[in-house]
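The structure appears below as C-alpha cells.
Please read these numbers as outputs of a predicted model, since none were measured by experiment.
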Amino acid sequence: MKVAFTGARGFVGTALQDRFQDNVILDRHDDEPTLVNKLEGVDVVINLAGAPIIKRWDDPYKQTLINSRIETTDRLVSAINKSEVKHFISTSAIGIYPNDIACDETCTQQGNDFLSDLSRAWEEEALKCTKPTAILRFGIVLGKDGGALAQMLTPFKWGVGGTIGDGSMVTSWIHIKDLIRIYEFLIENNIEGVYNATSPHPVTNRVFTKTLGQVLHRPTIFPIPYFALRLMYAEAASVLTDSKEVYPKALETAGFTFKYQTIETALKDILA
C-alpha cells in the first residue's frame with residue numbers, strides 16, 4: 001500500500017512515515033498538476049498540512065494559518081478527485097467544539113472563535129473530495145519526540161512547572177501511538193466520517209499537571225497565570241487555555257480500542 005502525505009515533516013507526519021514507509025511526500029506549495037503526477041499509484045492520502053498553531057497570532061499570521069490549510073486542501077482535493085486514490089484522511093481539531101461542554105461527534109454546537117471557524121472551513125474543504133473521506137479532529141497529541149509535551153518538559157524538569165491558571169480547564173489528549181493506530185484502523189477498514197482523535201478519558205489541567213509531576217518526580221507548585229500566556233501568544237493563548245471536553249464515541253462505536261486510556265499510563269509510557 002502506498003501512502004501520500006502533506007505535512008510530512010511535522011510531529012505526527014514523521015511518526016506516520018515510520019509506520020507507512022512506502023510513501024510519497026506532497027509539498028503544500030505543489031500546484032495541482034504536480035500533485036496529480038505525484039498521486040499516480042497512491043492508495044491513501046493523509047493530509048496534515050498547516051502552519052503551526054502555537055505561535056503568536058497577528059492578522060498576517062492568521063492568514064498564513066488559513067492559506068496553509070484551506071488553499072492547500074483545495075488543491076489537494078482537486079488532485080485526488082482526478083486520481084485513482086482510494087481513501088482520503090484529512091485533519092481537523094477539537095477546537096471546532098465550544099468550551100465547557102462535553103462533546104462527542106454528535107455534538108451540533110460549535111465554537112464561535114477563530115480556531116472553530118478555521119476548523120470548520122478546513123473540514124468543509126476536505127469534504128469536497130469524491131473519494132471515501134475521513135476527518136480526524138485532533139486533541140492534544142502527546143509523544144516524546146515533539147508536540148505539546150516536548151514544550152512542557154523543560155520547566156517541569158527544572159521543578160518550576162505548574163497548572164495553567166486554577167487548573168480547572170479540561171484537556172482532551174491522545175497518545176501518539178494510539179493516533180497512529182487510529183490511522184491504521186481507518187485505512188484497514190476503509191472507514192469514512194468524522195472522528196475525534198482523543199482518549200476516552202479527558203482530564204482537567206490540574207490532574208494532567210499533577211500526573212506529569214509525579215511521573216517526572218518533580219514538584220508542580222508554580223501556576224502559570226492566564227495573562228502571561230496572553231502576553232506571549234496573544235489570541236493564540238486560547239489554544240492552551242480553552243477547556244475542551246471531547247470524547248471519541250464514533251471511533252469506539254466503530255470498534256477501535258485505545259491502548260492508552262488514562263493520562264497516567266500514557267505519560268509513564270512516553271517518559272519511561
Side-chain angles (χ1 to χ4, degrees), residues 7-19 48 50-57 91 93-95 115 136-183 197-246 258-272:
R9 291 186 294 273
F11 173 44
V12 176
T14 300
L16 283 169
Q17 284 184 77
D18 290 340
R19 171 58 184 86
L48 297 161
I53 285 285
I54 304 295
K55 187 174 180 178
R56 188 178 179 86
W57 297 347
T91 307
I94 62 170
L115 275 182
L136 286 179
R137 291 173 175 165
F138 282 15
I140 303 298
V141 183
L142 303 178
K144 65 181 179 181
D145 297 320
L149 185 59
Q151 299 180 48
M152 299 176 197
L153 284 180
T154 298
F156 275 87
K157 287 180 176 179
W158 288 348
V160 294
T163 61
I164 295 175
D166 64 4
S168 63
M169 54 172 276
V170 177
T171 299
S172 294
W173 58 274
I174 187 168
H175 193 307
I176 183 70
K177 291 180 181 177
D178 271 339
L179 181 58
I180 301 307
R181 292 177 58 244
I182 290 171
Y183 278 99
T198 60
S199 158
H201 300 288
V203 294
T204 64
N205 178 256
R206 185 182 302 107
V207 170
F208 182 95
T209 299
K210 295 302 181 185
T211 305
L212 180 56
Q214 289 168 5
V215 172
L216 292 172
H217 305 292
R218 294 291 187 275
T220 55
I221 57 176
F222 296 95
I224 303 169
Y226 290 116
F227 77 83
L229 294 174
R230 290 287 296 186
L231 287 174
M232 291 174 63
Y233 296 111
E235 190 180 348
S238 63
V239 179
L240 303 172
T241 61
D242 280 354
S243 182
K244 306 292 185 183
E245 183 180 351
V246 178
F258 289 82
K259 183 175 180 181
Y260 301 95
Q261 296 205 17
T262 69
I263 193 64
E264 183 177 11
T265 57
L267 290 176
K268 283 184 175 179
D269 177 75
I270 293 166
L271 300 173

Any side-chain heavy atom of [X] within less than 4.5 Å of one from [Y]?
X	Y	value
I94	I140	no
I270	V215	no
L149	W173	no

Rounded distance [0.5 Å steps], [atom1] in [X] versus [atom2] in [Y]:
X	Y	atom1	atom2	result
N205	T171	CG	OG1	5.0 Å
I224	T241	CD1	OG1	11.5 Å
L216	M152	CG	CE	11.5 Å
I263	H201	CD1	NE2	11.5 Å
I54	Q151	CD1	CD	6.5 Å
I174	L179	CD1	CG	5.0 Å

Fill in: K244 backbone acceptor or donor facing S172 side chain under 3.5 Å
yes

Practice prompt. Keeping the roles fixed (side chain from R137, backbone from G95), state whether a donor-acceptor pair exists under 3.5 Å.
Written response: no

Worksheet item: In terms of heavy-atom contacts, does CZ of R9 have more than 12 from other residues, nucleotides or ligands at under 6.0 Å?
Response: no

Could you go through residues 10-18 and list every donor-acceptor pair under 3.5 Å that involves a side-chain atom there, pairing it with any protein atom two or more places apart or in another chain?
from	atom 1	to	atom 2	distance (Å)
T14	OG1	G10	O	2.8
Q17	NE2	A8	O	2.7

Worksheet, complete the sentence: For E235, the side chain to side chain donor-acceptor pair (under 3.5 Å) test, sequence neighbours excluded, returns K62

Practice prompt. Kindly write out the residues that satisfy side chain to side chain donor-acceptor pair (under 3.5 Å) with D242, not counting sequence neighbours, or none if the list is empty.
Written response: N99

What residue pairs, at least two apart or across chains, pass side-chain hydrogen bond (donor to acceptor under 3.5 Å, both in side chains) with a residue in [range]?
range	value
residues 262-272	H175-D269, K177-D269, Y260-D269, T262-T265, E264-K268
residues 219-232	K210-T220
residues 155-167	D166-S168

Return the minimal non-hydrogen interatomic distance between [X] and [Y], and the atom names on each side.
X	Y	value
L115	S238	CD1-OG, 4.3 Å
L240	I164	O-CD1, 3.5 Å
K55	A236	O-CB, 3.2 Å

Discussion item. V170: which residues meet the side chain to side chain contact (heavy atoms under 4.5 Å, CB included) condition with it, sequence neighbours left out?
Written reply: P202, S243, E245

Discussion item. Restricting to side chain to side chain contact (heavy atoms under 4.5 Å, CB included), what partner residues turn up for R19, sequence neighbours left out?
Written reply: I180, E184

Discussion item. Suppose we screen for salt bridge (Lys or Arg N to Asp or Glu O under 4.0 Å). Which residues come up paired with R181, at least two apart in sequence or across chains?
Written reply: D178

Response to the item:
Residues pairing under salt bridge (charged side-chain N to carboxylate O under 4.0 Å, His left out) where one sits in residues 138-156, two or more places apart or in two chains, turn out to be none

Discussion item. Going by ring-ring contact (aromatic ring centres under 6.0 Å, His included), name the residues that satisfy it together with Y233, two or more places apart in sequence or in a different chain.
Written reply: none

Discussion item. Just to verify, what does F208 make a ring-ring contact (aromatic ring centres under 6.0 Å, His included) with, not counting sequence neighbours?
Written reply: none

